[in-house]
Structure formats: C-alpha cells, structure tokens
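All chains are named by letter (A, B, ...) in the order of the sequence lines, taking the proteins before the strands, and each is independently numbered beginning at 1.
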2 protein chains.
Amino acid sequence: MPHHVSCNDCSLSPICLPLAVAPAQLDELDRIIYRGRPLKRGEHLFRAADDFQSVYAVRSGALKTYVLSDDGEEQVTGFYLPGEILGMDGISTAHHVSNARALETATVCEIPFGRLESLSQKIPSLQHHFFSLMSNEIRADRELHMLLSKKSADDRLAALLLSLSARNQRRGLSKSTFRLPMSRYDIANYLGLAVETVSRIFTRFQQSGWLRVEGRDVEILDRASLCGQERGAMEADL
Amino acid sequence: MPHHVSCNDCSLSPICLPLAVAPAQLDELDRIIYRGRPLKRGEHLFRAADDFQSVYAVRSGALKTYVLSDDGEEQVTGFYLPGEILGMDGISTAHHVSNARALETATVCEIPFGRLESLSQKIPSLQHHFFSLMSNEIRADRELHMLLSKKSADDRLAALLLSLSARNQRRGLSKSTFRLPMSRYDIANYLGLAVETVSRIFTRFQQSGWLRVEGRDVEILDRASLCGQERGAMEADL
DNA sequence: CGGCTGATTGATTGTGCTCAATCAGTGTGG
DNA sequence: CCACACTGATTGAGCACAATCAATCAGCCG
C-alpha cells in the first residue's frame with residue numbers, strides 16, 4: 001500500500017499543513033487524514049453540488065478546479081500543485097461549489113473538515129494556519145483580479161509562468177525548468193484568453209529569447225524580462 | 001457617544017458576526033470590539049503595509065478596498081456594505097496587503113484578530129462562521145474570475161447591479177431602488193472596464209427599459225432581463 | 001493507415017479602449 | 001454674485017488588441 005505515507009515521512013510536510021503543528025501533536029493530525037487511491041488523469045476529486053466533507057492536500061501530480069456557468073461554459077479557477085490545499089470554497093455552503101479534476105495522475109490527502117475544525121479548537125497554531133491559508137487564497141485572487149482586469153495577454157501569461165516557477169521553487173525543484181501540468185486550453189481558460197492567443201504569446205516569448213518552450217516543457221531564460229512584462233508594458237517606451 | 005452601540009442593540013446583528021454566537025456569549029464578543037469614530041468620505045481605514053491587527057465590520061456607509069500595482073495603478077478589489085467584514089486578506093502576512101477607504105461617511109467595528117482567534121478557540125460556532133466568511137469571500141472571487149475572463153461588459157455591469165441589489169435586500173432594504181455608493185470610476189475599475197464603457201452601458205440599459213438611472217440612484221425595472229444579460233449574451237439570437 | 005486531440009499559424013472581425021469634446025454640478029475666490 | 005476652475009459623467013470617432021474563423025501540423029492510438 002504505497003499511498004499510506006504518514007505526514008512524518010512525507011517530503012512535503014515543511015510546506016503543507018504539518019508546518020503548523022508541533023511534532024508532538026503531528027500524530028493527531030495524521031490520524032484524521034485519509035490517503036485514497038491515486039486519481040487518474042481526468043478523474044474528478046469532487047464535483048460541484050457534492051456534499052462538502054473534506055478539504056484536500058495535493059501529495060503528487062496536479063489538479064485544476066473549475067466552475068460551470070449557467071450556460072454550461074467552463075471556467076478554470078485554479079491549479080493546485082503538491083503541498084497546496086484545495087476545496088476550501090465549499091465550507092460555507094455545505095456542498096462544493098466548484099469541480100476538481102486531476103490534470104495528471106495525482107494523489108491527495110483527504111482532510112475531513114469537521115475533524116480539522118475540532119483539532120483546530122485544541123491546536124491554536126493549526127487554526128491560525130488555516131486562517132492564513134484561506135487568507136492567502138483571497139490574496140492570490142486579488143492579484144488575479146488585477147491581472148484579468150488591467151493587464152495585457154502577455155502580462156497574464158508571464159505572471160502565470162512566474163507563479164508556477166515560484167511554486168516549483170518552494171517545493172525544492174528548479175525554478176527555471178519545469179513541465180506545465182495543464183494544457184494550453186486550461187491556461188487560456190484560466191487567464192481569460194483564447195487558446196490561439198496563448199500559443200502566439202509562447203512563440204513570441206521564445207523569439208524574444210525569454211523562454212524555451214517545447215510542448216509542455218518550459219525553461220525560463222530571461223526572468224527579468226518576464227517580470228518586466230508582468231509589471232506592465234508601458235516601460236517599453238522609456 | 002453615539003458610536004458605542006453594543007452588538008445587542010445593533011440592527012445588523014442578524015447578518016453580522018453575532019449570528020454565529022449564542023446570546024449568552026454575545027457579551028464576550030462584544031467586549032473585544034472597538035467602535036471608532038466615523039470615517040469621512042475618502043478617509044482610509046487601513047493601508048497596505050500597515051500592521052495587520054484587526055478585521056472590520058461595516059456598521060454604516062460603504063468602503064472600497066484596492067491594491068496598487070507596481071506601476072502605481074489602482075485596482076479596486078471590493079466594495080463593502082453594512083454587515084460585511086473586510087480586512088481578511090492580511091491574516092497571513094501580518095500586514096495588510098490592500099487599502100481600505102470610505103466611499104462615504106462610514107462607521108466600522110474593529111475586531112482585533114488575535115482576540116477573535118482566542119475567542120474562536122472557546123466558541124466553535126464562531127470559528128466555523130469565520131471559516132465560512134472567508135470561504136464565501138473565496139467563492140465570490142471565483143464568480144468574479146468568471147465574470148472578468150468570460151463575460152461581456154454588459155454582463156459584468158448587470159452582475160454588479162444584481163449583487164448590490166441582493167446585498168441591499170439582505171439588509172432589509174429595497175432590492176429594486178438604491179443608491180450606488182461608488183463612482184463610475186470605481187465601478188469601471190472594479191469590473192475591468194473603461195469609465196466611458198460603464199457610462200454607455202448605463203444609458204443602453206436605461207434605453208432598453210431595464211433600469212432607471214439618475215446619477216448614483218438606480219431603480220431596477222426589469223430584473224429578468226438583467227439576469228439574462230448576466231447569464232451570457234448568446235441567448236439573444238435564439 | 002485514418003481518425004482524433006492538442007497546438008500552432010494565418011486572415012479577418014469586433015468589442016471595448018483611447019482620445020477628445022461637451023456638460024452638469026460644486027466649490028472657490030475676486 | 002458671478003466667473004472660474006475642477007471633478008464626475010456622458011457622448012462621439014477612430015483604433016488596437018485579442019477573439020473568431022479557418023487551415024495546417026504533430027503526436028497518439030485504435
């Protein structure tokens with residue numbers, strides 16, 4: 001049973017929930033967590049309208065969350081990499097409001113939310129950490145709000161690449177070379193662009209020498225220029 | 001001292017924090033809350049980089065939150081009406097990441113977050129309610145994400161008007177006639193549009209007979225059409 | 001092989017931005 | 001008191017960025 005790794009043995013514990021729990025109490029957290037079978041690419045972890053029971057920590061692979069509009073259109077709302085928590089948008093409604101689907105083979109730790117709340121009553125640092133996590137989510141959404149409402153298509157893609165790079169680095173992986181877990185469609189959808197636009201920007205970035213792209217493999221060659229791109233295009237004419 | 005209204009006497013208690021606290025324990029919550037002097041229009045409640053100490057409940061008036069991009073541009077990230085909580089995006093960083101400014105004369109209840117956390121350790125329903133509040137915030141941001149990335153300018157304005165209408169109704173006020181607390185500039189900024197576009201849509205909605213607009217006073221005449229607008233424009237050609 | 005999905009590139013169109021002028025309301029100072 | 005400036009809102013004309021439509025290509029699997 002390879003998927004019964006305890007938090008103690010998990011390499012992600014420094015960036016996951018355990019970072020908020022003293023070693024002595026880690027067992028208590030560990031005991032409430034379910035480790036399910038791996039999800040295959042395309043499989044759903046939960047769907048909108050499912051009863052909300054748990055939040056989930058990604059252990060390996062990657063997932064996306066999305067909502068469907070009234071007219072059936074999909075809107076990708078987030079990408080989740082190892083060490084990150086998803087499913088928190090269902091707390092207030094007792095049912096999930098978004099769908100979560102594996103972008104590639106993925107394993108997750110299921111954390112029953114009722115039990116997590118109980119545990120948070122006993123471990124103040126865990127309560128605080130969870131407030132922080134949700135606060136972070138809100139803050140990231142504000143950044144995204146800015147991105148979608150003010151920034152050009154180029155800025156948006158640059159910002160996403162830099163975000164993925166930073167999150168890779170946080171996990172101790174390369175910040176310059178990585179593989180995109182999601183398709184061009186998902187990138188475009190998430191950023192509010194057309195697939196064609198995303199594709200064009202990738203080639204443009206590559207022609208500028210800022211990036212090396214081959215399918216889903218990306219290498220960041222000129223981080224500074226990407227950052228500048230993301231800060232807005234008006235500096236160009238200075 | 002007109003601004004020392006206890007939660008017990010506050011007309012907003014059914015929709016504000018007290019709804020999560022049993023009457024017997026309401027005094028405990030009440031004791032940790034500061035009621036400051038009213039803010040004048042344009043005054044800041046907090047600024048980005050201020051130490052994060054508290055979250056705030058709006059008692060009267062209205063506020064907006066906004067962030068500044070690296071190039072100094074303002075992005076309005078939210079509007080807050082009586083009974084609503086703001087400032088939750090600062091929890092994880094120990095300092096605020098957004099600015100909050102009064103759109104009109106406003107009074108707020110300051111809730112020191114450290115004390116709220118302590119109290120949440122004792123009152124599970126308060127902890128749960130606060131998780132719910134943040135979850136709601138996240139959910140609203142996902143809706144906004146969809147709005148900004150997929151919907152037309154008309155859809156966006158319709159959605160904002162319907163949101164304000166619903167929030168007015170929640171406070172026991174008219175859902176069809178109300179006054180916009182924010183300028184056209186703020187509306188445009190929030191929705192990722194140009195002021196001119198917002199202005200044009202207002203007149204178009206009025207010409208269609210869906211709305212009566214006079215400056216900041218709005219009357220919703222045809223809610224169904226506005227909803228349809230918000231659901232997407234493709235139904236038009238059926 | 002042929003059919004399929006995902007990605008790239010090209011040509012054209014359209015929504016909403018930019019620039020610009022006007023207007024109403026409000027407060028200011030001579 | 002009125003002229004003036006100033007801000008916020010509205011309306012018009014032209015343009016640009018990204019969407020749409022369309023074709024091609026690469027990889028994958030039956």
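- Ring orientation note: the planes of A/F205 and A/W210 are tilted relative to one another, at an angle of 30° to 60°.
- Nucleic acid contact for A/A194: base, since at least one base atom lies under 4.0 Å from a heavy atom of the residue.
- Whole-Å rounding puts the A/K151 NZ to D/dC17 P distance at 16 Å.
- Rounding to whole angstrom units, CG of residue B/L193 and C1' of C/dT18 are separated by 14 Å.
- OP1 or OP2 of C/dG16 has not a single side-chain nitrogen or oxygen of B/T197 nearer than 4.0 Å.
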Q) salt bridge (charged side-chain N to carboxylate O under 4.0 Å, His left out) between A/R184 and A/E196: does it pass, once the steps are laid out? A) CA-CA 9 Å; A/R184 299 287 193 269; A/E196 296 92 329; over 6 Å; no
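- Ranked by how close their nearest DNA chain C nucleotide is to the 5' end, B/R200 and A/V198 are led by A/V198.
- Note: CD1 (A/I201) to P (C/dA7) measures 15 Å, nearest angstrom.
- Rounded to an integer number of Å, the gap from B/Q207 CD to D/dT11 C1' is 11 Å.
- Here the side chain of A/R216 pairs a donor or acceptor atom with the backbone of A/P181 at under 3.5 angstrom.
- Within the 4.0 angstrom heavy-atom criterion, only backbone atoms of the sugar-phosphate kind lie near B/S183; the bases stay farther away.
- Here B/T203 reaches the OP1 or OP2 of D/dT11: one of its side-chain N or O atoms lies under 4.0 Å away.
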Q | From CA spacing to verdict: ring-ring contact (aromatic ring centres under 6.0 Å, His included), A/F52, A/H96 | A | CA-CA 5 Å; A/F52 170 76; A/H96 284 287; 5.3 Å; yes
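- With distances taken from any side-chain atom of B/E196 to the nucleotides D/dT11, D/dT20, C/dG16, the minimum falls on D/dT11.
- Heavy atoms of B/F202 sit nowhere under 4.0 angstrom from any nucleic acid atom.
- Separating the CD atom of B/E214 from the P atom of C/dG25 is a distance of 9 Å, rounded to the nearest angstrom.
- A/R204 has its CZ atom 10 Å from the P atom of D/dC17, to the nearest Å.
- Here C/dT8 presents its P atom at 10 Å from CG of A/L180, a figure rounded to the nearest Å.
- Under the 3.5 Å distance criterion, with hydrogens and angles disregarded, no donor-acceptor pair is assigned to the side chains of A/E219 and A/S176.
- Atom CG in B/L148 sits about 14 Å away from atom P in D/dA19, given to the nearest Å.
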